[in-house]
Number of protein chains: 2
Amino acid sequence: MARLPVYLRALTALAERGIRTCSSEDLAAAAGVNSAKLRKDLSYLGSYGTRGVGYDVDYLRYQIAREIGVTHDWPVVIVGIGNLGHALANYSGFRSRGFRVVALLDADLERTGELVAGVPVRPFDDLEAIASEHSVAIGVIATPAAAAQDVADRMVAAGVTSILNFAPAVISVPEGVDVRKVDLSIELQILAYHEQRKAHEHARDEHPDLPEMPAVVGGDQ
Amino acid sequence: MARLPVYLRALTALAERGIRTCSSEDLAAAAGVNSAKLRKDLSYLGSYGTRGVGYDVDYLRYQIAREIGVTHDWPVVIVGIGNLGHALANYSGFRSRGFRVVALLDADLERTGELVAGVPVRPFDDLEAIASEHSVAIGVIATPAAAAQDVADRMVAAGVTSILNFAPAVISVPEGVDVRKVDLSIELQILAYHEQRKAHEHARDEHPDLPEMPAVVGGDQ
DNA sequence: TTCTGTGAATTGTTTCACAGCC
DNA sequence: GGCTGTGAAACAATTCACAGAA
């Protein structure tokens, strides 16, 4: 259920505005989904709402946090302290949302000791020691693509079982290890695709005498 | 089709390794999907493969780039030059994958003139001028959450019709404008969720006498 | 024989619409 | 009367499995 974190954030935002109770309609609007979907999603967690009234914001918040597993903090290591690693280390959302950066690692020994967001950069070779000391289960890869598979292998060997990969490379990991990939240029290319279709639409609006796009198989969608 | 950019990148990787032809199996492996799905996806673009042989890497690469709309570069503006904005401005993948950063904007006038990745930071108020000068259709929001909606409104007013939003906020835009959202802590929370389930599994493995999780409605998945 | 392209079957997700509880 | 929780219906995505081209 990839939408639970979205609901959790929306609930936190409502709570910060002092709202104690909300309807599925309210919460759905805040989370950017429709209310039927939201109710269906929440119903899988149990019956935490009250018919005719709605949901208690704090109660639901706790239940979702419990379901996701962020009622306590997860220790996280970040490998690769380039521009992106810097941004991640400084990202304040981690602390408040269930994560604690226990180490920043970089293969470049020149960087060792440098403080980023109050955390010292350490050599990549310290990975095993740090992972076992803090029982790190989650690792973030912010290295260049070429290093990603190697970093992933070392993480897995060190006991990491969930990896967030920002490197533009597909990494392969053993059964039982989860990987999520965030790829900036892929996100942009998806926008470009929609943008292009809008441009075509527009061209047809302005020149209605032009022929339709040829009806290639699956030309639509 | 959100997977086309993934295929494009996999094809580029194959091309760089000197591979001229590949089977759906090869490409699927490089892209991290299964081959039936890949063939189905590609069949929507047309018949670009050869039965018994496979796909010509360069030819398919061009066809996918054309479908996505990245045969020419898209001008892009980035708003919010904090840590993340820095990382984005320095991200070399943009240039090579169909995008050109034409401006970096920040509301903090202290930053005006600062060079980031060779591009000068300019005041946010220059948005309209820059957007119309370069016909910018795609904007990136890397500001704090509180500023995101305002930035989005100004972008839309300036003619931007696709927005990549890194701010942890749901922004609302008029019909016809596309928004994609990347939220770092949501990605991590999804991993935490899986991590938690693995921990439960594991606990049961070690204490097989413990009862199964109660069969709550939808307890699984 | 190899490997694509694709109907058919399956599986999953979203929406509808309303019974039931407050 | 208002709003949740949920079957049932509609829709979408994925996988299977194989006919047919090279």
Flag the pair [X] / [Y] as yes when at least one side-chain heavy-atom distance between them is below 4.5 Å, and no otherwise.
X	Y	answer
A:Leu42	A:Ile64	yes
B:Val76	B:Val102	no
A:Ile171	A:Ile163	yes

Check A:Leu45, A:Ile68, A:Val33, A:Thr12 against A:Tyr7 for a side chain to side chain contact (heavy atoms under 4.5 Å, CB included) and give me the one that passes.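 For A:Tyr7, the side chain to side chain contact (heavy atoms under 4.5 Å, CB included) test succeeds with only one of A:Leu45, A:Ile68, A:Val33, A:Thr12, which is A:Val33.
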
Going by the side chain to side chain contact (heavy atoms under 4.5 Å, CB included) test, name the single residue among A:Ile190, A:Leu184, A:Leu191 that passes it with A:Leu188.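 For A:Leu188, the side chain to side chain contact (heavy atoms under 4.5 Å, CB included) test succeeds with only one of A:Ile190, A:Leu184, A:Leu191, which is A:Leu191.
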
A:Ser24, nearest nucleotide to its side chain (from D:dT4, C:dT4, D:dC16):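 So the nucleotide nearest the side chain must be D:dT4.
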
Output the single nucleotide from D:dC16, C:dC16, C:dG5 whose closest atom is nearest the side chain of B:Ser47.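 That would be C:dG5.
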
Stepwise ring-ring contact (aromatic ring centres under 6.0 Å, His included) check, A:Tyr48 with A:Tyr55: CA-CA 7 Å; A:Tyr48 297 132; A:Tyr55 300 93; 8.8 Å; no

Calculate the interatomic distance between [X] atom [atom1] and [N] atom [atom2]; express it in whole Å.
X	N	atom1	atom2	result
A:Leu38	C:dT13	CG	P	16 Å
A:Asp26	D:dT4	CG	P	8 Å
B:Glu25	D:dT15	CD	P	13 Å
B:Leu45	C:dG5	CG	P	10 Å
A:Leu42	C:dT15	CG	P	15 Å
A:Asp41	C:dT14	CG	P	7 Å
A:Tyr59	D:dT4	OH	C1'	15 Å
A:Tyr44	D:dG5	OH	P	13 Å

Under 4.0 Å from OP1 or OP2 of [N]: is there any side-chain N or O of [X] that close?
X	N	result
A:Arg3	C:dT14	yes
A:Tyr55	D:dG5	yes
B:Asn34	D:dT14	no

For nucleotides 8-11 of chain D, tabulate all protein N/O to nucleotide N/O atom pairs closer than 3.5 Å, reporting atom names and distance.
none

Hey, mind stepping through B:Arg39 and B:Ser24 against side chain to side chain donor-acceptor pair (under 3.5 Å) and telling me if it holds? CA-CA 6 Å; B:Arg39 288 201 303 278; B:Ser24 62; 3.1 Å; yes

Give a yes-or-no answer on whether the side chains of B:Arg9 and A:Ser185 include a donor-acceptor pair shorter than 3.5 Å.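 Side chains of B:Arg9 and A:Ser185: pair found under 3.5 Å.
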
For the pair B:Asp153 (side chain) and B:Asp150 (backbone), establish whether a donor and an acceptor sit closer than 3.5 Å, ignoring hydrogens and angles.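 Such a contact is absent between B:Asp153 side chain and B:Asp150 backbone.
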
Tabulate atom names and distances for all N/O pairs under 3.5 angstrom spanning the protein and nucleotides 20-22 of chain C.
from	atom 1	to	atom 2	distance (Å)
C:dG20	N3	A:Arg51	NH1	3.4
C:dC22	O4'	A:Arg51	O	3.2

Which residues pass the side chain to side chain donor-acceptor pair (under 3.5 Å) test with B:Lys40, sequence neighbours left out?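 For B:Lys40 there are no side chain to side chain donor-acceptor pair (under 3.5 Å) partners, ignoring immediate neighbours.
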
Within residues 9-20 of chain B: residues closer than 4.0 Å to DNA chain D (heavy atoms):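 Those residues whose heavy atoms fall under 4.0 Å from DNA chain D, taken from residues 9-20 of chain B, amount to none.
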
Contacts of type ring-ring contact (aromatic ring centres under 6.0 Å, His included), residue A:Tyr62, not counting sequence neighbours: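 Partners of A:Tyr62 by the ring-ring contact (aromatic ring centres under 6.0 Å, His included) criterion come out as none, since no residue qualifies.
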
In chain order, what residues pass the ring-ring contact (aromatic ring centres under 6.0 Å, His included) check against B:Tyr91, with sequence neighbours excluded?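 For B:Tyr91, the residues satisfying ring-ring contact (aromatic ring centres under 6.0 Å, His included) (neighbours in sequence not counted) are B:Phe94.
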
